[in-house]
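To start, the structure under review is shown below, and the notes come after it.
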Amino acid sequence: MDLAKDIRACRLCAARFAATATAHEPRPVVWFAPTARLLIAGQAPGARVQASGRPFTDASGDRLRDWTGLLAPEFYDRTRVAIVPMAFCFPGYNARGADLPPPPLCAATWRARVMDVLPQVRLRLLVGGHAIRWHLGLRDVTAAVADWRRHSENGIFPLPHPSWRNTGWLTRNPWFAADLLPVLRARVRAVLEAP
Ligand code: SF4
């Protein structure tokens with residue numbers, strides 16, 4: 001069975017998306033291969049990613065590449081980096097113009113099965129509250145990220161979402177850039193370059 005192909009064909013949320021202001025159709029952005037060593041567990045594609053069909057082709061992606069020290073060719077090498085969001089499709093906008101949360105149905109349907117076909121993952125970056133909740137069962141993003149040294153011993157880095165909406169959070173928590181990011185970059189490099 002080709003799991004990636006099955007996810008690309010998924011239309012479970014068609015009615016849900018049709019009822020949003022953008023009335024868009026599902027377009028799953030699927031980006032993984034069984035040889036991947038690094039997992040980037042994101043939230044859900046935004047409208048730009050929905051259009052491009054490639055994950056993180058937006059300002060959040062620019063910030064995430066800076067955080068990880070990965071240049072675009074490495075970041076998009078799916079044989080080494082799996083980018084698996086909590087929902088594979090753009091969820092639409094809420095009344096204030098912000099992205100809706102990822103439909104829980106997506107993770108319930110697909111996520112455990114995707115994790116099962118990524119046996120070589122050595123490092124997991126949990127990007128944002130939804131991924132932190134699913135993978136660690138924790139609801140307080142700041143507390144989870146602040147506890148990064150302990151989680152990193154288990155091959156996990158909880159991270160805030162790199163959206164511009166979190167620029168204030170980054171300013172209020174300068175230890176994130178000063179202490180966490182240098183270690184994160186070194187761990188990412190070590191995992192990708194290990195023989
Ligand atoms: S968000 Fe997930 S469950 Fe919903 S249509 Fe897209 S792939 Fe299917």
Side-chain angles (χ1 to χ4, degrees), residues 1-65 75-121 124-139 141 144 156 158-166:
M1 186 190 78
D2 186 336
L3 182 60
K5 190 174 167 191
D6 288 351
I7 299 171
R8 281 192 193 95
C10 178
R11 296 294 179 270
L12 283 174
C13 299
R16 181 188 190 113
F17 296 160
T20 67
T22 43
H24 59 288
E25 295 186 0
R27 187 188 185 195
V29 178
V30 182
W31 206 271
F32 61 82
T35 51
R37 300 170 172 198
L38 174 66
L39 169 69
I40 296 177
Q43 182 163 311
R48 285 181 62 177
V49 171
Q50 158 97 355
S52 75
R54 281 163 70 92
F56 286 107
T57 49
D58 52 15
S60 293
D62 292 339
R63 181 176 263 171
L64 185 58
R65 283 181 283 278
F75 187 88
Y76 287 113
D77 178 359
R78 73 180 94 189
T79 67
R80 296 198 293 166
V81 180
I83 304 175
V84 185
M86 296 304 298
F88 291 103
C89 300
F90 169 54
Y93 296 121
N94 66 19
R96 296 189 309 280
D99 287 10
L100 288 164
L105 175 64
C106 194
T109 305
W110 298 113
R111 195 160 190 81
R113 294 163 68 185
V114 176
M115 295 303 118
D116 283 348
V117 298
L118 299 175
Q120 299 196 41
V121 165
R124 294 169 171 79
L125 313 188
L126 311 183
V127 181
H130 294 278
I132 290 171
R133 201 170 308 144
W134 195 89
H135 285 267
L136 291 175
L138 301 174
R139 293 192 164 269
V141 172
I156 294 173
L159 302 171
H161 196 278
S163 160
W164 63 269
R165 293 174 190 277
N166 281 331

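One-based numbering along the sequence shown. Ligands are counted one by one from 1 in listed order, and the atoms in each one are counted from 1 as well.
- Nearest to atom 1 (S) of ligand 1 by heavy-atom distance, out of Pro104, Ala107, Cys89, is Cys89.
- Between His24 and Phe17, the ring planes lie parallel to each other; the angle is under 30°, not in the 30° to 60° tilted range.
- For the pair Arg48 (side chain) and Asp58 (backbone), a donor-acceptor distance under 3.5 Å is absent.
- At the shortest separation from atom 4 (Fe) of ligand 1 among protein heavy atoms lies Cys13 SG, 2.3 Å.
- For Thr109, the closest heavy-atom approach to ligand 1 does not fall below 4.0 Å.
- Listed for the Arg111 side chain is a donor-acceptor partner under 3.5 Å among the backbone atoms of Pro85.
- Here Cys106 reaches atom 2 (Fe) of ligand 1: one of its N/O/S atoms is less than 2.8 Å from the metal.
- One distance of note links NE2 of His161 with NE2 of His130; it measures 9.0 Å at 0.5 Å rounding.
- Taking backbone and side-chain atoms together, Cys10 has no N/O/S atom less than 2.8 Å away from atom 6 (Fe) of ligand 1.
- Side-chain contact between Arg113 and Ile7 is absent, with no heavy atoms from C-beta onward closer than 4.5 Å.
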